[in-house]
Student: 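Before we start, here is the structure in question, set down as structure tokens.
Numbered from 1 within each chain, the chains take letters A, B, ... in sequence-line order.
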Number of protein chains: 2
Amino acid sequence: MNYSRQRELILKVLKETPIHPTADEIYSALKKYLPNISLATVYRNLNQLALNGEIKKIENLETCAHFDHNIHKHHHFICIKCNKIYDIPQEVSKDIEKKVSSLTGLQVTGHNISFQGICNACQHKKTTL
Amino acid sequence: MNYSRQRELILKVLKETPIHPTADEIYSALKKYLPNISLATVYRNLNQLALNGEIKKIENLETCAHFDHNIHKHHHFICIKCNKIYDIPQEVSKDIEKKVSSLTGLQVTGHNISFQGICNACQHKKTTL
DNA sequence: ACAATAATAACAATCATTATCATTTTTTGC
DNA sequence: GCAAAAAATGATAATGATTGTTATTATTGT
């Protein structure tokens, strides 16, 4: 990665804000200093910085919503090989909301966990297709 | 909610599949029975059914990616009032991956938790604006 | 059977994000 | 310091998931 003024400023803006801005928020903040910057440049650099491990991209693996006939609370596991979603009983995280509350003072009304990994089917698949 | 053939079939398809399909996957499956069904109808019904509590919509509260200069592992808390994102130390969920592994046999390589609730600032705000 | 109401299909519109590509900036070897 | 090579940029088109619009069709209570 070579130097670029826009990348330097993107990093600066991100490091100076306590919130976790979206690409668009960074873009807006940058316009003061670089009125001609393109939103695509912001996206490009954020993705590159994240790939490089210099920043972290917070997103969910699921690119679109999924629907579930199981309406009792539970968590999900997404297989990184086949992308299938499996149910995880929510008992694995009981008490976690209380833990967060007492640690932070935040009023926690819910949580959900997505686990990633390799499902049983994919574990047993031959690696060579 | 009145009866409709398409809604009935949407529910049927959803109840019969063990995976957690996307709207588009349900749409494709339905085309066999209702060749003229519209994708918008599938979306509309899934959302209504989810509002009614008959099914569950799995999605994340964050509609778009956020970027974080804090690259050590941690979880996030999103305030349902102001939408701000706060960091939660990941120690609150240590051992949870092992728990899931031994319970299910899945090979868990990671997890992330998003907590929802009301942040300290919003807790102290007057409810009447 | 019929008017009132709700749901539909088709398609335009939106939002976040990525791809394309000609132009500009940065690096590098001399 | 300077020209060629490599990388990054800005403008904009394209994409994918989802929602809005509207004229048409189905459902319901009477």
Side-chain angles (χ1 to χ4, degrees), chain A residues 1-14 17 19-52 54-68 76 78 83-85 114, chain B residues 1-14 17 19-52 54-68 76 78 83-85 114:
Chain A
M1 252 206 302
N2 284 335
Y3 167 88
S4 95
R5 191 158 137 61
Q6 12 286 89
R7 179 153 50 236
E8 188 176 61
L9 280 168
I10 287 167
L11 248 181
K12 187 166 165 351
V13 165
L14 189 56
T17 181
I19 72 164
H20 302 64
T22 62
D24 201 66
E25 285 168 338
I26 295 173
Y27 172 65
S28 299
L30 274 174
K31 278 205 160 169
K32 278 180 247 163
Y33 309 106
L34 297 168
N36 291 332
I37 195 168
S38 164
L39 181 56
T41 301
V42 176
Y43 272 104
R44 231 181 336 220
N45 280 302
L46 287 170
N47 283 331
Q48 254 181 294
L49 289 164
L51 266 176
N52 247 39
E54 294 190 54
I55 65 173
K56 219 179 157 216
K57 187 174 184 175
I58 311 167
E59 59 176 345
N60 62 344
L61 291 182
E62 305 152 70
T63 58
C64 54
H66 290 254
F67 295 87
D68 192 345
H76 291 107
I78 308 170
N83 283 311
K84 283 212 190 77
I85 299 182
S114 56
Chain B
M1 253 206 298
N2 284 337
Y3 168 87
S4 94
R5 191 158 135 63
Q6 13 286 90
R7 181 153 49 235
E8 188 177 61
L9 280 168
I10 287 167
L11 249 180
K12 188 167 164 350
V13 165
L14 189 55
T17 181
I19 73 162
H20 302 66
T22 63
D24 203 65
E25 286 167 338
I26 295 174
Y27 172 65
S28 299
L30 275 174
K31 276 206 161 168
K32 278 180 246 161
Y33 310 106
L34 297 168
N36 291 331
I37 195 169
S38 163
L39 179 55
T41 299
V42 177
Y43 271 106
R44 223 172 317 130
N45 280 303
L46 288 170
N47 283 332
Q48 254 181 294
L49 289 165
L51 267 176
N52 249 39
E54 294 189 54
I55 64 172
K56 217 174 160 222
K57 186 174 184 176
I58 311 168
E59 59 177 346
N60 62 345
L61 290 182
E62 304 151 69
T63 58
C64 54
H66 291 255
F67 295 87
D68 193 344
H76 290 108
I78 308 172
N83 284 311
K84 283 212 190 78
I85 299 180
S114 55

Student: Using a heavy-atom cut-off of 4.0 Å across all strands, would you classify Leu39(A) as base, sugar-phosphate, or nothing?
Tutor: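 Base, at least one base atom sits under 4.0 Å.
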Student: To the nearest angstrom, how far is Asn45(A) atom CG from dT17(C) atom C1'?
Tutor: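 Atom-to-atom, Asn45(A) to dT17(C), this comes out as 15 Å.
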Student: Indicate whether OP1 or OP2 belonging to dT28(C) is found under 4.0 Å from a side-chain N or O atom of Asn2(A).
Tutor: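 Checking Asn2(A) against dT28(C): no side-chain N or O falls below 4.0 Å of OP1 or OP2.
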Student: Tell me whether the OP1 or OP2 atom of dT25(C) has a side-chain N or O from Arg5(A) closer than 4.0 Å.
Tutor: no
Student: Are OP1 or OP2 of dA6(C) and a side-chain N or O of Ser4(B) less than 4.0 angstrom apart?
Tutor: no
Student: NA contact type, Ala65(B), heavy-atom cut-off 4.0 Å: base, sugar-phosphate, or nothing?
Tutor: sugar-phosphate
Student: Touch check for Asn47(A), heavy atoms < 4.0 angstrom, all strands: base, sugar-phosphate only, or nothing?
Tutor: sugar-phosphate
Student: Could you check Leu14(A), Asn45(A), Leu39(A) and say which one makes a side-chain contact (heavy atoms from CB on, under 4.5 Å) with Ile26(A)?
Tutor: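 When side-chain contact (heavy atoms from CB on, under 4.5 Å) is applied between Ile26(A) and each of Leu14(A), Asn45(A), Leu39(A), only Leu14(A) qualifies.
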Student: Categorize Tyr43(A) for me: base, sugar-phosphate, or nothing, with a 4.0 angstrom heavy-atom threshold over every strand shown.
Tutor: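 Base contact - Tyr43(A) has a heavy atom under 4.0 Å of at least one base atom.
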Student: Can you check the Asn36(A) CG to dT23(C) C1' distance for me, whole Å?
Tutor: 13 Å
Student: Rounded to whole Å, please give me the gap between CD1 in Ile37(B) and P in dT8(C).
Tutor: 8 Å
Student: Check whether the side chain of Arg44(B) and the base of dG20(D) form a donor-acceptor pair under 3.5 Å.
Tutor: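 No such pair is found, so the answer is no.
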Student: Taking atom P of dA6(C) as reference, at what distance in whole Å does atom CG of Leu49(B) sit?
Tutor: 17 Å
